[in-house]
Structure formats: C-alpha cells, structure tokens
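Just so we're clear, the structure is a prediction, and the values are computed from it rather than from any experiment.
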Amino acid sequence: MDRELLTDSIKKLFGKWRVVSWHIQHSFYQPGQDVFNHIGDWKPLEVEKVNKCPSNIIYSGIGEETIKSVNLSEIVFEFSDNLKTDYYDFHFLLKNDILNSAAWEISQEPKYCDFSIAMEEVYNYARCKIEAIDSNELTIIERLDNDVADTYLQKIKLERIQ
C-alpha cells in the first residue's frame with residue numbers, strides 16, 4: 001500500500017497508545033441498516049464477564065486470561081509504520097513486553113471500518129472505526145458482527161505514550 005494514500009487520521013495512529021477506558025455494547029438493528037446509526041448506551045467492560053461480549057482484540061490479541069488479570073491501563077497498542085507488503089506491524093504490549101504480534105492494514109471499505117488488525121489466522125481480525133483522534137487521544141470502535149443485524153461493539157479510548 002502506497003504511503004501517499006494514508007489519510008491524516010491513519011497517519012496519526014503510528015506509535016504507542018495506552019488503554020484509558022473500555023466500553024461495550026450489543027446492538028440489534030434492521031438488516032441493511034448501519035450499526036453506527038443504532039448505538040445506544042455504552043457499558044464499562046466488566047473483566048469478569050469478558051466472555052459475554054465477544055471481541056477479537058480480547059480473545060486473539062490480548063488474551064482473555066490476561067485481560068482478567070491486569071489493569072486495563074497496563075495494556076498498550078503499538079501501531080508500527082513498518083510496512084511489510086500490504087500490512088504494518090502491530091503489537092499488544094504489557095509493561096513493555098510483547099503479549100502478541102499481529103499486523104494492521106488500512107481498510108479498502110472505509111464506510112465499514114477504517115483499519116483492521118489481523119491476528120493468527122486470515123479470518124481472525126478486528127475491524128475498527130476511528131471515532132476520534134488527535135495527537136494525544138484515540139478512540140476506536142471494534143465491531144464484531146454476530147449476524148446481519150446483530151453486532152457487538154467495543155469502544156476503546158487510548159492515550160498516546162510519548
């Protein structure tokens with residue numbers, strides 16, 4: 001992927017981001033409608049109930065047991081600008097140690113998601129929308145479609161680590 005195609009928002013992703021807050025939602029809506037038009041109240045992630053709200057970031061990236069045993073603010077997302085073929089390097093970190101390495105790519109369908117984090121298998125990825133970004137703060141929404149009109153959402157707020 002050509003670096004000139006990167007949008008300003010995507011360029012701001014590069015670097016390390018520490019988790020500040022994590023909220024969840026399970027949305028139901030009419031088939032053919034956009035889930036983002038049907039967002040209700042966000043609920044804080046209850047780590048003891050992680051298995052009740054599916055997330056590829058949790059299960060394949062961070063690990064269900066890890067997220068239950070650490071403070072969420074100890075988890076860091078690292079978006080590398082190291083381009084390998086069509087993907088960039090991506091790491092989930094805990095206290096500067098790599099929990100898991102993955103890859104991230106810019107979406108070809110920006111209406112659906114802005115970027116994806118690909119983990120382990122080709123079909124195991126987190127599709128994410130950027131809700132807000134500036135030089136110090138990032139809010140992303142991971143979507144996991146359960147069915148054509150049934151979606152789990154994870155709203156993850158992060159702050160840049162200098």
Side-chain angles (χ1 to χ4, degrees), residues 1 3 5-7 9-27 35-36 42 44-133 138-148 150-161:
M1 179 160 299
R3 282 184 178 263
L5 298 177
L6 292 174
T7 65
S9 292
I10 294 292
K11 287 178 188 175
K12 289 179 184 175
L13 286 176
F14 299 139
K16 292 181 180 180
W17 300 86
R18 182 181 63 81
V19 173
V20 174
S21 66
W22 199 305
H23 290 81
I24 61 173
Q25 184 172 140
H26 190 183
S27 295
V35 66
F36 294 108
W42 291 97
L45 175 68
E46 296 178 47
V47 292
E48 64 277 0
K49 296 180 181 177
V50 159
N51 59 349
K52 294 189 183 202
C53 193
S55 164
N56 282 332
I57 289 176
I58 291 173
Y59 294 122
S60 300
I62 298 167
E64 185 178 350
E65 292 308 312
T66 299
I67 207 161
K68 287 181 178 180
S69 65
V70 301
N71 186 317
L72 288 175
S73 66
E74 295 178 277
I75 297 170
V76 172
F77 292 15
E78 181 181 27
F79 292 87
S80 169
D81 64 352
N82 183 19
L83 180 63
K84 295 182 177 176
T85 315
D86 291 331
Y87 294 93
Y88 293 88
D89 287 334
F90 183 89
H91 302 287
F92 293 99
L93 305 169
L94 178 63
K95 299 178 184 175
N96 291 322
D97 292 327
I98 295 175
L99 283 171
N100 194 1
S101 292
W104 73 279
E105 67 177 341
I106 300 166
S107 175
Q108 299 299 315
E109 299 179 44
K111 182 180 176 194
Y112 192 72
C113 70
D114 296 316
F115 65 91
S116 296
I117 302 169
M119 298 162 283
E120 297 171 6
E121 303 168 10
V122 74
Y123 297 108
N124 195 5
Y125 54 91
R127 294 181 303 244
C128 300
K129 255 331 224 180
I130 298 171
E131 183 180 75
I133 189 168
L138 167 64
T139 303
I140 61 174
I141 298 177
E142 176 196 10
R143 70 181 291 160
L144 186 65
D145 296 315
N146 195 33
D147 197 355
V148 70
D150 176 3
T151 300
Y152 289 95
L153 300 168
Q154 311 284 324
K155 184 175 188 175
I156 307 162
K157 186 174 182 179
L158 305 119
E159 69 180 8
R160 185 177 297 279
I161 297 174

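Around the NZ atom of K12, the shell of radius 6.0 Å holds more than 12 heavy atoms that belong to other residues, nucleotides or ligands. Heavy-atom neighbours of K49 NZ from other residues, nucleotides or ligands within 6.0 Å: at or below the threshold of 12. Residue N96 qualifies as open at atom CG: its count of foreign heavy atoms under 6.0 Å is 12 or below.
Residue S55 comes nearest to W22 through the heavy atom pair OG-CZ2, 4.4 Å, listed as atom of the first residue, atom of the second, then distance. Of all the heavy atoms in K129 and Y112, the pair that sits closest is CD-O, 4.0 Å. Contact detail for V70 and L94: the closest heavy-atom pair is CG1-CD2, 3.8 Å. Shown here for A118 and Y125, the closest heavy-atom pair between the two residues is CA-CB, 3.8 Å. Taking both residues in full, the closest heavy atoms of S27 and L153 are given as OG-CD1, 3.8 Å, listed atom of the first, atom of the second, then distance. C128 and C113 make their closest contact through O-CB, 3.5 Å (heavy atoms, listed as atom of the first residue, atom of the second, distance).
Counting heavy atoms from C-beta on, the side chains of I140 and Q154 never come closer than 4.5 Å. No side-chain heavy atom of L138 sits less than 4.5 Å from a side-chain heavy atom of R160. Within the 4.5 Å cutoff, the side chain of I62 has heavy atoms near those of the I57 side chain. M119 places none of its side-chain heavy atoms less than 4.5 Å from the side chain of F90.
Of the inter-residue distances, the one linking Q25 atom CD with T151 atom OG1 reads 10.0 Å to the nearest 0.5 angstrom. To the nearest 0.5 angstrom, I156 atom CD1 is 11.5 Å from H23 atom NE2. We find the CZ-CD1 distance between F92 and I98 to be 12.0 Å, quoted to the nearest 0.5 Å. Note that CG of L93 is 8.0 Å distant from CD1 of I161, once rounded to the nearest 0.5 Å. In this structure, L13 CG and S80 OG are separated by 12.0 Å, a value rounded to the nearest 0.5 Å. To the nearest 0.5 angstrom, K11 atom NZ is 12.0 Å from D81 atom CG.
Under the side chain to side chain contact (heavy atoms under 4.5 Å, CB included) test applied with E142, the options I24, I58, I117, N56 reduce to a single match, N56.
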- Task: With side-chain hydrogen bond (donor to acceptor under 3.5 Å, both in side chains) as the test, would you mind laying out the steps for D114 and S107 before giving the verdict?
- Result: CA-CA 5 Å; D114 296 316; S107 175; over 6 Å; no

* Take W104 and Y88 through the ring-ring contact (aromatic ring centres under 6.0 Å, His included) test and state the conclusion after the steps. => CA-CA 5 Å; W104 73 279; Y88 293 88; 4.9 Å; yes

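Between F77 and F79, the ring planes lie tilted relative to each other; the angle falls in the 30° to 60° range.
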